[in-house]
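Report on the following structure.
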Amino acid sequence: MGRAGSHPASAPLLLLLVLLRAERLPGAELTFELPDSAKQCFHEDVERGARFSLDYQVITGGHYDVDCYVEDPLGNTIYQETKKQYDSFTHRAEVKGVYQFCFSNEFSTFSHKTVYFDFQVGDEPPILPDMGNRVTALTQMESACVTIHEALKTVIDSQTHYRLREAQDRARAEDLSSRVSCWSIGEVIALLVVSFSQVLLLKAFFTEKRASPRALHS
């Protein structure tokens, strides 16, 4: 009786274990409220030569726009955009230290925003331990691992995109519903005022005017 590790049924298990080894890059993913006339900054320590990326999107609020900029440890602005609904930025750190990325809603005086961002640091590790140094072709199972891993990354990105779109559309629907409710209440109030005015006007038309005593004696 052979060992379990050599059984053909262990191939799917090995494939699953390899896929689970693919760790998510260090960084941060957050959805936060950005009040009107406010600015929110975040900091991340990045090694020299490391690659980092920033993806952000405004989910709710105003015209769905926000100012964003990224500064290196020396205070140099390496990325800056104004009134953007969404954008992506990728950079390889030339200086080691704390990088700062800020979102500003200072141009808005009455509408707060809900902002989502995904900040990732570092290059993606290889799926297989010796994948970066090997010179031979990938086996059929290794090729399947790479294909499935890329498909899973696409699924994760699609889920994030649709989740943000759903939150944005839900916020718009709720805002539209509140506007329709306010408009309906206004129409009801206007209808009541007009109806009451018409009743008073018609009552004035059909009310008989009594003659004064002087007119009777004359």
Side-chain angles (χ1 to χ4, degrees), residues 24-48 50-122 153-194:
R24 186 172 176 84
L25 298 177
E29 184 178 7
L30 183 66
T31 301
F32 66 98
E33 294 286 338
L34 185 62
D36 52 279
S37 304
K39 181 175 69 174
Q40 183 71 43
C41 294
F42 302 88
H43 305 81
E44 187 72 25
D45 192 7
V46 182
E47 296 291 333
R48 181 179 180 181
R51 174 182 173 272
F52 64 87
S53 62
L54 173 64
D55 298 322
Y56 65 91
Q57 180 175 341
V58 181
I59 302 177
T60 63
H63 296 288
Y64 301 90
D65 52 358
V66 70
D67 296 344
C68 179
Y69 66 88
V70 181
E71 290 184 352
D72 63 11
L74 301 178
N76 301 320
T77 301
I78 57 179
Y79 170 84
Q80 185 173 11
E81 290 291 342
T82 58
K83 296 185 178 181
K84 295 282 290 188
Q85 179 179 353
Y86 59 88
D87 201 9
S88 300
F89 171 69
T90 302
H91 182 74
R92 191 167 293 276
E94 299 178 356
V95 182
K96 177 184 177 181
V98 177
Y99 284 74
Q100 174 180 256
F101 55 101
C102 299
F103 301 94
S104 174
N105 193 30
E106 295 174 318
F107 59 87
S108 179
T109 57
F110 60 90
S111 62
H112 72 280
K113 312 289 175 63
T114 303
V115 183
Y116 162 85
F117 75 85
D118 184 11
F119 187 84
Q120 300 298 328
V121 182
K153 287 173 56 180
T154 303
V155 170
I156 292 174
D157 293 339
S158 299
Q159 287 179 338
T160 302
H161 172 72
Y162 289 123
R163 177 168 56 85
L164 295 176
R165 287 291 301 273
E166 186 273 335
Q168 190 177 75
D169 293 341
R170 183 175 67 251
R172 288 180 176 177
E174 292 175 353
D175 180 64
L176 181 61
S177 176
S178 62
R179 292 186 180 185
V180 171
S181 299
C182 293
W183 181 258
S184 300
I185 294 174
E187 286 185 332
V188 170
I189 294 175
L191 182 61
L192 292 176
V193 171
V194 171

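For the single chain, residues carry numbers from 1 onward in sequence order.
In Glu166, the CD atom is crowded: over 12 heavy atoms of neighbouring residues, nucleotides or ligands sit closer than 6.0 Å. Counting heavy atoms of neighbouring residues, nucleotides and ligands inside a 6.0 Å radius, atom OH of Tyr86 does not exceed 12 of them. More than 12 heavy atoms of other residues, nucleotides or ligands shown are found within 6.0 angstrom of NE2 on His43. No more than 12 heavy atoms of other residues, nucleotides or ligands lie within 6.0 Å of CZ in Arg48, so this atom counts as exposed by the packing criterion.
Between the NZ atom of Lys39 and the OH atom of Tyr69 there is a distance of 3.5 Å, given to the nearest 0.5 Å. Taking NZ from Lys83 and OG from Ser108, the interatomic distance works out to 9.0 Å, rounded to the nearest 0.5 Å. Note that CG of Asp169 and CD1 of Ile59 are 11.0 Å apart. Values are rounded to the nearest 0.5 Å. Note: Tyr64 OH to Arg172 CZ = 4.5 Å, rounded to the nearest 0.5 Å. Gln120 contributes atom CD, which lies 7.0 Å from atom CD of Glu29 (distance to the nearest 0.5 angstrom).
Ring-plane geometry between His91 and Phe89 is classed as parallel, the angle between the planes falling under 30 degrees on a 0 to 90 degree scale with a further cut at 60.
Shortest non-hydrogen contact noted between Ile78 and Phe52 is CD1-CZ, 3.9 Å. Nearest heavy atoms, Glu94 versus Tyr99: N-OH, 3.7 Å. The shortest heavy-atom contact between Phe101 and Val70 is CB-CG2, 3.8 Å. Across every non-hydrogen atom of Val121 and Glu44, the tightest pair is CG2-CG, 3.9 Å. Taking all atoms of both residues into account, the shortest heavy-atom contact from Ala93 to Val46 is CB-CG1, 3.7 Å. Residue Asp67 comes nearest to Thr82 through the heavy atom pair OD1-CA, 3.1 Å, listed as atom of the first residue, atom of the second, then distance.
Under a 3.5 Å cut-off, the side chain of Ser184 and the backbone N or O of Val180 do form a donor-acceptor pair. Under the 3.5 Å distance criterion, the side-chain polar atoms of Asn105 are matched with a main-chain donor or acceptor of Ser111. The backbone N or O of Asp65 lies less than 3.5 Å from a partner atom in the side chain of Lys113, making a donor-acceptor pair.
Side chains of Ser37 and Glu106: no donor on one and acceptor on the other come within 3.5 Å.
Considering only residues two or more places apart in sequence or on other chains, Lys96 meets the salt bridge (Lys or Arg N to Asp or Glu O under 4.0 Å) condition with Glu47. Not counting sequence neighbours, the partners of Leu30 by the side-chain contact (heavy atoms from CB on, under 4.5 Å) test are Phe32, Phe42, Phe117.
Side chains of Ser88 and Asp55 form a contact here, defined as non-hydrogen atoms less than 4.5 Å apart.
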Show your working on side chain to side chain contact (heavy atoms under 4.5 Å, CB included) between Cys68 and Leu54 and close with a plain yes or no.
-> CA-CA 10 Å; Cys68 179; Leu54 173 64; 4.0 Å; yes
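For a disulfide, the SG atoms of both cysteines must be under 2.5 angstrom apart; this holds for Cys41 and Cys102.
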